[in-house]
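Take a look at the structure set out below.
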Amino acid sequence: MKKLIRSTNDLLLSVMMGSVSIFLLTSKKIITGVENGLGGMWAQASTYIHLLAGILLALSVLQLIYAINFGGKGEHSKLHIPISREIIVTAVSLVLYALLLPVLTFFPCTLALNIILCGVFAMKENQGDPELNGKLPKKQVIAVIIYSIVLTIVLWVLFTQILKCVLP
């Protein structure tokens, strides 16, 4: 079996992505339309869910092809799941975002998520600099906040004004 699989990580990722995409494409629990009809087909949740699920399915097939060792050359790489502070913060932030979005509404939740994620990944970028050593200087903190505010406003305009979606 080891000779057939080039990378166990790639195989596992392919199976997980394929499973999620098939669930999204076939599940009856997914919201399939907008009851009030605002925005037409492009504002319906099902359009984007099916589009993203189709893309995810295509990528999972490509990932599966990459995971299989057709030529029989090369070494097998075992399963290795990297865990880092950035991965944990991102996962916790996304779960909290999903839980708090209906309660606190779009703008404050999205702004907080953008600030947290931009700050975490800016700190990650600064780890290579011996002067900063993974810290955020005041100038970069201000840039992260301004960028997050602009990004949140752009997302709000895109969904509410252009696509006519009703946000929580």
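This is a predicted model, so every value here is computed, not measured.
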Would you compute the distance between atom [atom1] of [X] and atom [atom2] of [Y] and round it to the nearest 0.5 angstrom?
| X | Y | atom1 | atom2 | result |
| --- | --- | --- | --- | --- |
| L136 | I142 | CG | CD1 | 11.5 Å |
| E125 | Q140 | CD | CD | 9.0 Å |
| L104 | C109 | CG | SG | 4.5 Å |
| I146 | C118 | CD1 | SG | 12.5 Å |

Residue pair [X] / [Y], side-chain heavy-atom distance below 4.5 Å:
| X | Y | answer |
| --- | --- | --- |
| F106 | T160 | no |
| H50 | L24 | no |
| L113 | L94 | yes |
| L57 | S60 | yes |
| K124 | V120 | no |

List for me each residue that meets side-chain hydrogen bond (donor to acceptor under 3.5 Å, both in side chains) alongside [X], sequence neighbours excluded, and say none if there are none.
| X | value |
| --- | --- |
| T110 | Y97 |
| T152 | N114 |
| E86 | S84 |

Taking side chain to side chain contact (heavy atoms under 4.5 Å, CB included) as the criterion, tell me which of L13, L11, L59 meets it with L64.
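Going through L13, L11, L59 one by one, the side chain to side chain contact (heavy atoms under 4.5 Å, CB included) with L64 is satisfied by L11 alone.
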Least distance between heavy atoms, A98 atom then P102 atom
O-CD, 3.5 Å
I need the minimum non-hydrogen distance between P108 and T105, along with the two atoms involved.
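Minimum heavy-atom contact is CD-OG1, 3.4 Å.
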Should we say atom [atom1] of [X] is surrounded by more than 12 heavy atoms from elsewhere, each under 6.0 Å from it?
| X | atom1 | value |
| --- | --- | --- |
| F159 | CZ | no |
| Y147 | OH | no |
| F121 | CZ | yes |

Determine whether [X] and [Y] fall in the same hydrophobic cluster, where Ile, Leu, Val, Met, Phe, Trp and Tyr are linked whenever their side-chain heavy atoms lie under 4.5 Å apart.
| X | Y | result |
| --- | --- | --- |
| V144 | V89 | no |
| L62 | I22 | no |
| L96 | I88 | yes |
| I83 | V92 | yes |
| I5 | Y66 | no |

Which is it for R85 and M123 under the side chain to side chain contact (heavy atoms under 4.5 Å, CB included) test, yes or no, and what are the steps along the way?
CA-CA 11 Å; R85 184 176 59 117; M123 286 172 37; 3.2 Å; yes
Let's go through I149 and I153 carefully: what are the C-alpha distance in whole Å and the side-chain angles of both, what is the deciding distance for side chain to side chain contact (heavy atoms under 4.5 Å, CB included) to 0.1 Å, and is it a yes or a no?
CA-CA 6 Å; I149 290 170; I153 291 170; 3.8 Å; yes
